[in-house]
There are 2 protein chains.
Amino acid sequence: MSEFTSEKAFLEAYSIHEYDVPLLTVDMAIFSVLEDQLQVLLVKRAQHPSLGKWALPGGFVDTKRDKSLVETAKRKLRAKTGVATPYVEQVETFGGPERDPRGWSVTVAYMALIPAEGVELVPDDASSEVIWVPVKEMGSEYLLAFDHQSIFEVCLERLKNKVQYSSLPVNLLPKAFTLTELQRTFEIVLGQTVEKKSFRRRILDAGILEETGAMKTGSSRPAKLYRVRPEGQAYFFPRTIEGKR
Amino acid sequence: MSEFTSEKAFLEAYSIHEYDVPLLTVDMAIFSVLEDQLQVLLVKRAQHPSLGKWALPGGFVDTKRDKSLVETAKRKLRAKTGVATPYVEQVETFGGPERDPRGWSVTVAYMALIPAEGVELVPDDASSEVIWVPVKEMGSEYLLAFDHQSIFEVCLERLKNKVQYSSLPVNLLPKAFTLTELQRTFEIVLGQTVEKKSFRRRILDAGILEETGAMKTGSSRPAKLYRVRPEGQAYFFPRTIEGKR
DNA sequence: TCAATAGTGTCTATTAGACACTATTCC
DNA sequence: GGAATAGTGTCTAATAGACACTATTGA
């Protein structure tokens, strides 16, 4: 049993600095679709360790300001992209003695989906450059710091998997979009074509969209513009997209 | 840019104790089926804070011994139950300034599924009692320390959700079992009955089981005994269990 | 009128649910 | 033979894929 008789006495004597605690960071894979490709945001580190290497954006919890881990993630994302209302989802937490040269460390990995339009990438103290990189070029062109390559891969896998049975990709598009644009976005993330009628039935029957009333004109026949219903950010379908038989 | 010219100089001067780092723990919801009920393992805390309160088992990472977070989780589980090869899955990481009186803290929550038979619950330094509690009694009978009630609820929700489309419940049974026993286990976790033929088709067509060759006798007509194929621990079905139309 | 894209009608294949049926054991 | 449980045959309903079809615009 404890040597302290009351919890109050225990807490007054408690100092976290007496223990060998792991380092804790939050990192994120921020995805968007630009130029008909799924891309991920990378920063060039302006600080030790791994100064000058590419990495996923992230950093320490600000225990003075952040009220939760997702707040830390959103704060980092807003600093880099200016986007205030991203779709953010916790993916997995990684920990071990070897992943950071400073010692036993833990990182809580998030993925975020944001629309590409209107985003302006801004470097800060922690990063000298901020860029979009097509996910197809990851692993070969860009060598990431720490274990960020494998964190990225886990986030990408989660995204690709979830697209099979959820409406997540709506978060990659601007507020109003056509069904064809939405289908194209699904196809880009899935890496495979989708049958038009099935896709439209699936999305429309799910009831996650509503017509804006406006039309998108320009090419040929105008298309209806839709927006996401307030609660439609993450609908889960009872079946996965099955693809060709 | 950094005031250090080399990463080596930076690391030599680095001390984690100069920073205001969050506390990090690992907690887990260990599930099993006993007496035809889904139950979760609770411990009575033998240490401050919240000494004497019920809690999910867990604790600090041992930076000397643990090579990863899941190792920490498995070590805690083995200490309480003696089970060496549980099904363990990371669920979510929670963090915030209010969840622990010692300050900004983070816990990585895992859930585990273990067969009930042959498990002997053993208290240790950190826990004066270790018990199984039916999940139906959680929230009313047992008030948990910290934010463990909500962590438990998230783990339970993950489990119930995943049973809809995966073969996870096979991990709640002993090595050999009949299809009726497996069906009953699914029903207990789902909280709803399942149609026999549909269930058998689903499981058998998935190819995750193999016959042991032995039969279970005792009541009336003997039933074939099955075991999980090596890679069958977590099969994902393309559709969810839909229940009555 | 033609090209291009939006959007629909409808058939087929697959699979989960329903449920009655048969099979094998113990008593 | 009857109770009890294991296990099957087979029809129906729901839905995703296939794909040809129609609709509406600009040039």
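Source: prediction; values computed, not measured. In what follows, chains carry the letters A, B, and so on, assigned in the order in which the sequence lines appear, proteins first and then strands, with residues in each chain numbered from 1.
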I'd like to check the ring-ring contact (aromatic ring centres under 6.0 Å, His included) partners of B:Trp132; sequence neighbours left out, ordered by chain and number.
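ring-ring contact (aromatic ring centres under 6.0 Å, His included) list for B:Trp132, sorted by chain: empty.
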
Between [N] ([atom2]) and [X] ([atom1]): distance, integer Å:
X: A:Glu181; N: C:dT5; atom1: CD; atom2: P; answer: 13 Å
X: B:Phe199; N: D:dA6; atom1: CZ; atom2: C1'; answer: 14 Å
X: A:Arg202; N: D:dT15; atom1: CZ; atom2: C1'; answer: 11 Å
X: A:Gln192; N: D:dA16; atom1: CD; atom2: C1'; answer: 13 Å
X: A:Ile241; N: D:dG17; atom1: CD1; atom2: P; answer: 7 Å
X: A:Glu242; N: D:dA14; atom1: CD; atom2: P; answer: 18 Å
X: A:Lys224; N: D:dT24; atom1: NZ; atom2: C1'; answer: 13 Å
X: A:Phe237; N: D:dT15; atom1: CZ; atom2: C1'; answer: 13 Å

Sort me out a list of protein N/O and nucleotides 21-24 of chain C N/O pairs below 3.5 Å, or just none if empty.
unit_1, atom_1, unit_2, atom_2, d
C:dA23, N3, B:Arg221, NH1, 2.7
C:dT24, O4', B:Arg221, NE, 3.4

Where at least one partner belongs to residues 196-225 of chain B, residue pairs that pass ring pair (Phe, Tyr, Trp, His ring centres under 6.0 Å), sequence neighbours excluded
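Non-adjacent pairs meeting ring pair (Phe, Tyr, Trp, His ring centres under 6.0 Å): B:Phe186-B:Phe199.
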
May I have the list of side-chain donor-acceptor pairs in residues 170-182 of chain B shorter than 3.5 Å, sequence neighbours left out?
unit_1, atom_1, unit_2, atom_2, d
B:Asn171, ND2, B:Leu168, O, 2.9
B:Asn171, ND2, B:Gln233, O, 3.3
B:Thr178, OG1, B:Glu181, N, 3.1
B:Glu181, OE1, B:Thr178, N, 2.9
B:Glu181, OE2, B:Lys216, NZ, 2.6

Can you give each donor-acceptor pair under 3.5 Å made by side-chain atoms of residues 144-155 of chain A, sequence neighbours left out, with the distance rounded to 0.1 Å?
unit_1, atom_1, unit_2, atom_2, d
A:Asp147, OD1, A:Arg99, NE, 3.2
A:Asp147, OD1, A:Arg99, NH2, 3.0
A:Asp147, OD2, A:Arg99, NE, 2.7
A:His148, ND1, A:Leu56, N, 3.0
A:His148, NE2, A:Asp27, OD2, 3.3
A:Gln149, NE2, A:Glu153, OE2, 2.8
A:Ser150, OG, A:Asp147, O, 3.0

Nearest to the side chain of A:Ser198, heavy atoms from C-beta on, is which of D:dA16, D:dG7, D:dA6?
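Closest nucleotide to the A:Ser198 side chain: D:dA16.
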
So, for B:Ala84 and B:Arg78, which heavy atoms are closest and what is the spacing to 0.1 Å?
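So the two residues come closest at CA-CD, 4.1 Å.
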
Looking only at side-chain N and O atoms, does B:Arg239 come under 4.0 Å of OP1 or OP2 in C:dT15?
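The answer is no; no side-chain N or O of B:Arg239 sits under 4.0 Å from OP1 or OP2.
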
Would you mind listing every salt bridge (Lys or Arg N to Asp or Glu O under 4.0 Å) that reaches into residues 80-90 of chain A, with sequence neighbours excluded?
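For residues 80-90 of chain A: A:Lys80-A:Asp124, A:Glu89-A:Arg158, A:Glu89-A:Lys162.
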
Which ones in residues 204-218 of chain B lie close to DNA chain C, meaning a heavy atom under 4.0 Å from one of its atoms?
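Nucleic-acid contacts, sorted: none.
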
Once salt bridge (charged side-chain N to carboxylate O under 4.0 Å, His left out) is applied, do any residues pair with A:Lys224, and if so which ones, sequence neighbours excluded?
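If we apply the salt bridge (charged side-chain N to carboxylate O under 4.0 Å, His left out) test to A:Lys224, skipping adjacent residues, the hits are A:Glu211.
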
Test of understanding: with salt bridge (charged side-chain N to carboxylate O under 4.0 Å, His left out), list the residues that count as partners of B:Glu210, not counting sequence neighbours.
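Once residues adjacent in sequence are excluded, the partners of B:Glu210 under the salt bridge (charged side-chain N to carboxylate O under 4.0 Å, His left out) criterion are B:Arg227, B:Arg229.
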
Might you list the N or O atoms of the protein lying below 3.5 Å from N or O atoms in nucleotides 9-11 of chain D, with each pair's distance?
unit_1, atom_1, unit_2, atom_2, d
D:dG9, N7, B:Lys197, NZ, 2.7

Any residue meeting side chain to side chain contact (heavy atoms under 4.5 Å, CB included) with A:Pro238, in chain and number order, not counting sequence neighbours
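Once residues adjacent in sequence are excluded, the partners of A:Pro238 under the side chain to side chain contact (heavy atoms under 4.5 Å, CB included) criterion are B:Thr240.
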
By side chain to side chain contact (heavy atoms under 4.5 Å, CB included), which residues pair with A:Lys196, not counting sequence neighbours?
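Residues passing side chain to side chain contact (heavy atoms under 4.5 Å, CB included) with A:Lys196: A:Gln183, A:Arg200.
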
Under 4.0 Å between a side-chain nitrogen and a carboxylate oxygen: does that hold for B:Lys74 and B:Glu71?
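Salt bridge between B:Lys74 and B:Glu71, a charged N being under 4.0 Å from a carboxylate O: no.
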
